[in-house]
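For ligands, and for the atoms within them, numbers begin at 1 and follow the listed sequence. A quick note: this is a predicted structure, and the numbers were derived from the prediction, not measured. Numbers here are sequence positions counted from 1.
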Amino acid sequence: MIKNAEKLNSRIWLSAPHMSGYEDEFIKKAFESNWIAPLGPNLEGFEKDIETFLGHQSQVVALNSGTAAIHLALVLLNIGKGDEVICQTKTFVASVNPVTYVGATPVFVDSESETWNMSPELLEKAIKDRLKKGKKPKAIIIINLYGMPYHVDRIQELSEQYQIPVIEDSAEALGSKYKGKPCGTFGDLSILSFNGNKIITTSGGGALISKSEQIKDKAIFLATQAKNPGVEYSHSETGYNYRMSNILAGIGRGQMKVLEDYVELRRRNFDYYFDALKDINEIIFLKEPINYYSNRWLTCVLLETNKMRNDLLKLLSDNNIEARPSWKPMHQQELFKSFPKYLNGQADKLYERGLCLPSGSSLTKDDLLKITTLIKSYFE
Ligand SMILES: *Cc1c(COP(=O)(O)O)cnc(C)c1O
């Protein structure tokens, strides 16, 4: 038993939860006041903290996952059976699963090479083609992958030109900015995740962000079983049990106190990897374009070949270091293989050659030295 525990602790993880110590006081208050359930002051406090952080009239509803937030976003946009939703193929499956919950069809669009997010050219091509086939897409779900903002202005133009709302999946990008404005404020609706591996965590959780109090109220109504006003249990719409608990929101309040420090630490990881490995021509780093500020949630590098990527994965794993291949694109998934797709090869390339390096805010200089020394040894 003890041996196993030691092993668990000595492993270098991809993106481990990082408690600050501030969480305890909020959780303790919840216990002392018996606000274990139902909703309570930590929940409101956590939502206020995020609203203050994001600014720009953001209205935040804390939920029990980022996936739930995407599901509610689709419900709020009245998307249902037979509708089509454009999705970035280069993402984690949680971005797309809710599309099938509501009975809609995902239409996959590939990425560009500058940010690894949805290509505006290909998006326009996809919209035109769907229109020609007689189906206007009902929404665009776009990602800020690994913390890097997408081409916000160009996507916004297309959204306005074709009148298709954007759902911004900012699960990986809390703390990132585009032209100085925070990610999580760009979509008609945006979502965040506080899952265990994200930049801050409530152990599990998410949030839905809108621009109006009315939408916020409607989201809270739907997230709490859509109970009509009054003491009778009276319902006229399908509801969900998606609200975050007051205990978990307490963890979130503690984490919000250190969010900006954690962004700095994740960016420090990226800089460390870049400085240590920049002379190895077989490793390509994703640079920040002008006006982009990434929280560098994960440092993901592109290797010259698939073999190099796989060799490095094995080398790191043999040394008790957790690295991962870059997300397998959705159009390649058995689950989604029959759905329409608009491809340019970018997502496939990133999947074959992309390597996510340990990136947690609690990594030490010794950890980073150990990882980069191993990688350098492979190329010597
Ligand atoms: C983590 C993640 C989600 C899902 O969030 P959960 O809180 O785990 O449900 C959605 N989209 C992306 C891109 C993610 O990385």
Side-chain angles (χ1 to χ4, degrees), residues 13-17 46 50 60-75 85-102 106 108-111 115-118 139-150 155 166-176 183-184 186-187 189-209 219 223 240-245 248-249 251-252 255 262 266 286 294-300 324-331 333 335-336 347 350-351 354 356 359-360:
W13 298 98
L14 184 74
S15 179
F46 184 40
I50 303 169
V60 173
V61 180
L63 301 168
N64 56 22
S65 74
T67 310
I70 298 172
H71 187 191
L72 280 190
L74 294 165
V75 172
V85 175
I86 293 188
C87 298
Q88 180 166 323
T89 189
K90 180 67 187 171
T91 188
F92 175 54
V93 72
S95 310
V96 180
N97 272 335
V99 174
T100 56
Y101 301 170
V102 299
F108 297 113
V109 173
D110 216 323
S111 290
T115 73
W116 298 351
N117 292 307
M118 196 183 287
I140 301 161
I141 301 180
I142 194 156
I143 323 298
N144 299 306
L145 196 74
Y146 303 127
M148 186 63 80
Y150 60 90
I155 299 290
V166 169
I167 299 173
E168 178 197 11
D169 178 347
S170 210
E172 302 176 358
L174 181 57
S176 299
C183 286
F186 297 120
L189 294 166
S190 301
I191 75 100
L192 298 171
S193 166
F194 311 111
N195 193 24
N197 59 358
K198 297 297 175 0
I199 188 149
I200 62 165
T201 182
T202 57
S203 83
L208 179 76
I209 301 143
Y240 307 87
N241 184 6
Y242 276 175
R243 210 65 167 114
M244 179 181 278
S245 89
L248 299 191
I251 303 178
Q255 292 268 288
Y262 285 8
R266 299 235 176 198
L286 184 68
S294 168
N295 68 6
R296 297 293 187 188
W297 171 59
L298 294 186
T299 295
C300 184
R324 294 270 180 88
S326 178
W327 302 126
K328 180 174 182 172
M330 294 305 109
H331 71 267
Q333 306 285 351
L335 174 66
F336 298 130
L350 293 171
Y351 171 53
C356 297
S359 301

Approximate separation, where rounding is to 0.5 Å, of C356 SG and L14 CG: 6.5 Å

Looking only at distance, does G66 have an N or O less than 3.5 Å from an N or O of ligand 1? yes

Which atoms of ligand 1 are found less than 4.0 Å from any heavy atom of G205? 7 (O)

By number and element, which atoms of ligand 1 are closer than 4.0 Å to a non-hydrogen atom of F92? 2 (C), 14 (C)

Can you tell me how far CG of N144 sits from CG of D169, rounded to the nearest 0.5 angstrom? 8.0 Å

Going by the order shown, which atoms of ligand 1 are within less than 4.0 Å of some heavy atom of T67? 4 (C), 5 (O), 6 (P), 9 (O)

Looking only at distances, please establish whether an N/O atom of ligand 1 is found under 3.5 Å from an N/O atom of D169. yes

Which distance, rounded to the nearest 0.5 Å, do you find between the CD1 of I142 and the CE of M118? 4.5 Å

If I take atom CD1 from residue I209 and atom CD1 from residue I167, how far apart are they, to the nearest 0.5 angstrom? 12.5 Å

4.0 Å heavy-atom contact, A68 with ligand 1: no

Return yes or no for this condition: an N or O of W327 is under 3.5 Å from an N or O of ligand 1. no

How many angstroms lie between atom CG of L145 and atom OG of S95, to the nearest 0.5 angstrom? 8.5 Å

Considering only protein heavy atoms, which is closest to atom 15 (O) of ligand 1, and at what distance to one decimal place? E172 OE2, 2.6 Å

With a 4.5 Å heavy-atom cut-off, do L74 and V99 have their side chains touching? yes

Please identify which atoms of ligand 1 are closer than 4.0 Å to at least one heavy atom of A171. 2 (C), 3 (C), 10 (C), 11 (N), 12 (C), 14 (C)

Could you check F194 against F46 for ring-ring contact (aromatic ring centres under 6.0 Å, His included), going step by step and ending with a plain yes or no? CA-CA 12 Å; F194 311 111; F46 184 40; 5.1 Å; yes

Using a strict 4.0 Å cut-off to heavy atoms of S193, name the atoms of ligand 1 that fall inside it. 1 (C), 5 (O), 6 (P), 7 (O), 8 (O)

Answer yes or no: is there a side-chain heavy-atom contact under 4.5 Å between Y262 and I200? yes

In ligand 1, which numbered atoms sit nearer than 4.0 Å to a non-hydrogen atom of K198? 1 (C), 2 (C), 3 (C), 14 (C), 15 (O)

Quick check on contacts: which atoms of ligand 1 are under 4.0 angstrom from a heavy atom of A94? 3 (C), 4 (C), 10 (C)

Short version for S65: what comes under 4.0 Å of ligand 1, heavy atoms counted, is both

Please report the shortest heavy-atom distance between A69 and A207, naming the atom on each side. CB-O, 3.5 Å

How long is the straight-line distance from CD1 of I143 back to CH2 of W327, given to the nearest 0.5 Å? 10.5 Å

With a heavy-atom distance limit of 4.0 Å, tell me whether T91 approaches ligand 1 through its side chain, its backbone, both, or neither. side chain

S95 heavy atom under 4.0 Å from ligand 1: yes

